[in-house]
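Below, all heavy atoms of this structure are taken into account, side chains as well, without hydrogens, waters or symmetry copies. Remember, predicted model here, so these are calculated numbers, not experimental data. Counting starts at 1 for both ligands and their atoms, in listed order.
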Amino acid sequence: MTNAGLEGVVVADTLISDVDGERGKLVIAGADVEQLAAVSSFEGAVSLVLAAGSGTPGSGLGAAATGAALGAARAAAWELVPRLGDALEHVDGMDALRTALAHVRSTGGDPGDALAVIGAAPVFVAAWSRRRAGSAAIAPDPKLGHAADYARMTIGAAPSADAVRALDAYLVTVIDHAMSASTFTARVIASTHSDLISAVVGGVGALKGPLHGGAPGPVLDMLDAIGAPDHAEAWLLGELAAGRRIMGMGHRVYRVRDPRAAVLETAVRPLASPRLALARAVEQAAGKILRERKPDRPLAANVEFYTAVLLDAVGLPREQFAPTFAVSRVAGWSAHVIEQRRTGRLIRPASHYTGAMP
Ligand code: COA
């Protein structure tokens, strides 16, 4: 029988992360996501997932050495920016990132390639974002933290300490999520013994779709269209009547609220976003309507719901939300590529032919 969505099919043993969809728990390299987002920088989380992917959990480079390596990788990527020309102009951010990452030179080994692409992603996304807004791209500062430098390269000024903390919490929270569609894509590519950069470029392609990473921009559009809590119910009913889905709600694996929604809702608080109260009201109204419409299928807020509020409060334009997801997830994909290469087999499922026979 065909299982088109591959639900419940286990394709890998992994040390990198675990999702419990029934209980709403996410563990990343041995730590609860709530705990990791509260205490770790993105650099620390990168060190953890790469060590886990390498089969040596707990013994990575550490946050400081990873941060230094990522700073050097950002500087190296900046050298490529002038050569990218039109690749960063007049295109969607995910298309720009996909094209730009393909220009990263392989270091000849997975750990080096991983740091090169993780370092390059924010440089390319920020350069694309600046050019899109008609401004000059800003060079990275290798001495800064990854989140702080990404925000600075985008906004053009030093971000507040609260904004850096919130962005760091976001980047840590979405760094990995078990066998997501983009992670599976990256692992399929790695399973053919192709290179890490190709696998990561494939991951960007899978993440781009609105059913995966493309939802947070539309979530912000939805909040804008609703405007005030009183309008939420009528607007949401109109969407469903038109046959559209409510963005930021529902998940393939979670049957309760996505734990990352709570982490991001907490992380955004110090930024005093004017949209937070509205987002909470819309989430409540959407939850109620979807419970009535689909009593057998729990549909609660997913990570994208509060991603939209957080990244907006940090000062990133909504077109940059999906690429910012990739700026973090590139680390998870890289860890999975390393793990796949270490432990996996060629991934080659079967299909059921329904056409004519000769
Ligand atoms: N709004 C309205 N209805 C939804 C819905 C949503 N956000 N998510 C799922 N449903 C409905 C589907 O229409 C379907 O109804 P049907 O059986 O009458 O056709 C039912 O719930 C089951 O959905 P299904 O498509 O089988 O779920 P899935 O596991 O394939 O999809 C998502 C998971 C995330 C793709 C889906 O919930 C979705 O499209 N959400 C909105 C986009 C989004 O937020 N993406 C970010 C994900 S992190």
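- Atom 33 (C) of ligand 1 has its nearest heavy-atom neighbour, among Arg252, Glu304, His177, in Arg252.
- The closest approach between Leu240 and ligand 1 falls below 4.0 Å for a heavy atom of the residue.
- With contacts defined as side-chain heavy-atom distances shorter than 4.5 Å, the pair Thr66/His146 does not qualify.
- With distances taken over non-hydrogen atoms, the option nearest atom 23 (O) of ligand 1 out of Lys294, Glu7, Arg245 is Arg245.
- Looking only at heavy atoms of the protein, atom 1 (N) of ligand 1 is closest to Ile246 N, 2.9 Å.
- Looking only at protein heavy atoms, the nearest one to atom 34 (C) of ligand 1 is Gly250 O, 3.7 Å.
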*Begin from the C-alpha positions of Thr107 and Asp113 and carry the test side chain to side chain donor-acceptor pair (under 3.5 Å) through to its verdict.*
CA-CA 6 Å; Thr107 63; Asp113 282 0; 2.8 Å; yes
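- Side-chain atoms of Thr173 come within 3.5 Å of backbone N or O of Ala169 as a donor-acceptor pair.
- The presence of a protein heavy atom under 4.0 Å from atom 37 (O) of ligand 1 is confirmed.
- The environment of Glu89 atom CD is dense: over 12 non-hydrogen atoms of other residues, nucleotides or ligands sit within 6.0 angstrom.
- With ligand atoms numbered from 1 in the order given, ligand 1 contributes 33 (C), 34 (C), 37 (O), 48 (S) to contacts under 4.0 Å with heavy atoms of His251.
- In terms of protein heavy atoms, atom 8 (N) of ligand 1 is closest to Leu299 CD2, 3.7 Å.
- Under 4.0 Å from ligand 1, not a single heavy atom of Asp258 appears.
- The shortest side-chain heavy-atom distance between Thr154 and Leu316 falls under the 4.5 Å cut-off.
- Looking at heavy atoms from C-beta onward, Phe184 lies in side-chain contact with Leu6 at the 4.5 angstrom threshold.
- Atoms CG and CG, on Leu271 and Leu311 in that order, are 10.5 Å from each other to the nearest 0.5 Å.
- Using 4.0 Å as the threshold, Pro210 has a heavy atom nearer than that to some atom of ligand 1.
- For Asn302, every heavy-atom contact with ligand 1 shorter than 4.0 Å involves the side chain, none the backbone.
- In this structure, atom 26 (O) of ligand 1 lies nearest to the protein heavy atom Arg297 NH1, 4.1 Å.
- Considering CG of Leu80 and CZ of Arg105, their distance stands at 5.5 Å, rounded to 0.5 Å.
- Of the listed residues (Glu239, Arg293, His212, Met249), the one carrying the non-hydrogen atom nearest atom 46 (C) of ligand 1 is His212.
- Close approach to Gly248 involves these atoms of ligand 1, each under 4.0 Å from a residue heavy atom: 43 (C), 44 (O).
- Here the side chains of Phe42 and Val327 are not in contact, with every heavy-atom distance at 4.5 Å or above.
- Closest protein heavy atom to atom 2 (C) of ligand 1: Leu290 CD2, 3.6 Å.
- Aromatic ring centres of His177 and His212 lie farther apart than the 6.0 Å criterion allows.
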